Amino acid sequence: MLLARDEPLVRHAVRGLLRAGCVDQVIVAVPPAQLDACTTALEPVDDARMKIITAGADRTGTVRSALTGEIGPSDVVLVHDPERPFTPASTIAAVVEAIRAGAPAAIPVEPVTDTIKVIGSDDVVQGTRDRSRLRSAQSPRGFRADVLLEAAGTDPLTELRHEVRLVEGDPLGRRLATPFDVTVMEALLTGEGTT
């Protein structure tokens, strides 16, 4: 389990959502094989608004399990990646606000600054993408509950039959997949004076 600031990423992610000021409940869907480790990692959070569930056999089952209960069709549902544990509260709030303002779905993005090459199956460059029209997607991804249920079983942002509103992302919303990513993020947080 990858750690940042000596704590599991999922713990930072859940705390960030709970502290955002616009999240009523956090449901953590965990594959059965990781349930014990995740439960242990989240014990220090100790917040009644957090609930851990076992993920379904597929995306559809997981979404349906997570959305059972008192969630209405027009409620805002955020799908957050625990590998983006330091997403600022302002980004989370912007996604929620976009849904409340009428968007069926919303996602934070940042401009792509790298040159993106298109290659063929023989690893030969075939062209260069125009990065002015490219964005790097972050999370949380926001949905009206009925829209997410409708898209269950697909990639809800690429196969969605609704408009997806873009909101401004943040460098702190970057994905942490390697120890190098964690080192960079910890340096960014130290530079910003974030504790």
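What you are looking at is a predicted structure, and each value in this text was computed from that prediction instead of being measured. When a residue number appears, it is its place in the shown sequence, counting from 1.
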Between the side chain of [X] and the main-chain N/O of [Y], is any donor-acceptor distance below 3.5 Å?
X      : Y      : result
Glu186 : Ala4   : no
Arg84  : Gly173 : yes
Thr62  : Gly56  : yes

Handout entry: Within 6.0 Å of CG in Asp46, more than 12 heavy atoms from elsewhere
Key =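 12 or below, so no.
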Problem - Asp6 atom CG, over 12 foreign heavy atoms within 6.0 Å - result: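 No.
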[atom1] of [X] to [atom2] of [Y]: how many Å apart, nearest 0.5 Å?
X      : Y      : atom1 : atom2 : value
Arg141 : Asp81  : CZ    : CG    : 8.0 Å
Leu176 : Glu83  : CG    : CD    : 7.5 Å
Gln138 : Arg174 : CD    : CZ    : 9.5 Å
Cys22  : Leu78  : SG    : CG    : 7.0 Å
Asp75  : Asp146 : CG    : CG    : 9.5 Å
Leu166 : Ile107 : CG    : CD1   : 8.0 Å

Problem - Residues forming a side-chain contact (heavy atoms from CB on, under 4.5 Å) with Asp47, sequence neighbours excluded - result: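 side-chain contact (heavy atoms from CB on, under 4.5 Å) list for Asp47, sorted by chain: Leu18, Val45, Arg49.
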Exercise for the section: Check side-chain contact (heavy atoms from CB on, under 4.5 Å) between Val79 and all other residues, then give those that pass, not counting sequence neighbours. Expected result: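 Val79 satisfies side-chain contact (heavy atoms from CB on, under 4.5 Å) with Phe143, Leu148 only.
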Closest non-hydrogen atom pair, [X] against [Y]:
X      : Y      : answer
Cys38  : Val28  : SG-CG1, 4.1 Å
Ala55  : Pro31  : CB-N, 3.9 Å
Met1   : Ala41  : SD-CB, 4.0 Å
Arg131 : Thr115 : NH1-OG1, 3.1 Å
Ala106 : Ile99  : N-CD1, 3.6 Å
Pro108 : Gly169 : CB-CA, 3.9 Å

Indicate if [X] and [Y] have the same hydrophobic cluster label, given that clusters are the connected sets of ILVMFWY residues with side-chain heavy-atom separations under 4.5 angstrom.
X      : Y      : answer
Leu134 : Ile119 : no
Leu2   : Leu35  : no
Val118 : Val112 : no
Val77  : Ile92  : no
Leu42  : Val23  : yes

Exercise for the section: Run the numbers on Leu189 and Arg5 for side chain to side chain contact (heavy atoms under 4.5 Å, CB included), then give the verdict. Expected result: CA-CA 10 Å; Leu189 293 168; Arg5 296 186 158 187; 3.1 Å; yes
Exercise for the section: Evaluate the criterion side chain to side chain contact (heavy atoms under 4.5 Å, CB included) for residue pair Asp170 and Thr87; output intermediate values, then yes/no. Expected result: CA-CA 7 Å; Asp170 189 283; Thr87 300; over 6 Å; no
Practice task
Step by step, work out the side chain to side chain contact (heavy atoms under 4.5 Å, CB included) result for Val182 and Leu3.
Solution key: CA-CA 8 Å; Val182 171; Leu3 303 178; over 6 Å; no
Handout entry: Test applied, side-chain contact (heavy atoms from CB on, under 4.5 Å); reference residue, Val30; option that passes from Ile53, Ile52, Thr54
Key =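 Filter result, single survivor: Ile52.
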Problem - Asp181 vs Met185 side-chain heavy atoms within contact, under 4.5 Å - result: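 A side-chain contact under 4.5 Å is absent here.
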Problem - Any pair counted as salt bridge (Lys or Arg N to Asp or Glu O under 4.0 Å), so long as it reaches residues 9-36, sequence neighbours left out - result: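 Counting only pairs at least two positions apart or across chains, the salt bridge (Lys or Arg N to Asp or Glu O under 4.0 Å) contacts touching residues 9-36 are Glu7-Arg11, Glu7-Arg15.
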Practice task
Please report the C-alpha distance between Thr91 and Glu168 in whole Å, then the side-chain angles of each, then the deciding distance to 0.1 Å, and finally whether the side chain to side chain contact (heavy atoms under 4.5 Å, CB included) criterion is met.
Solution key: CA-CA 7 Å; Thr91 301; Glu168 187 176 346; over 6 Å; no
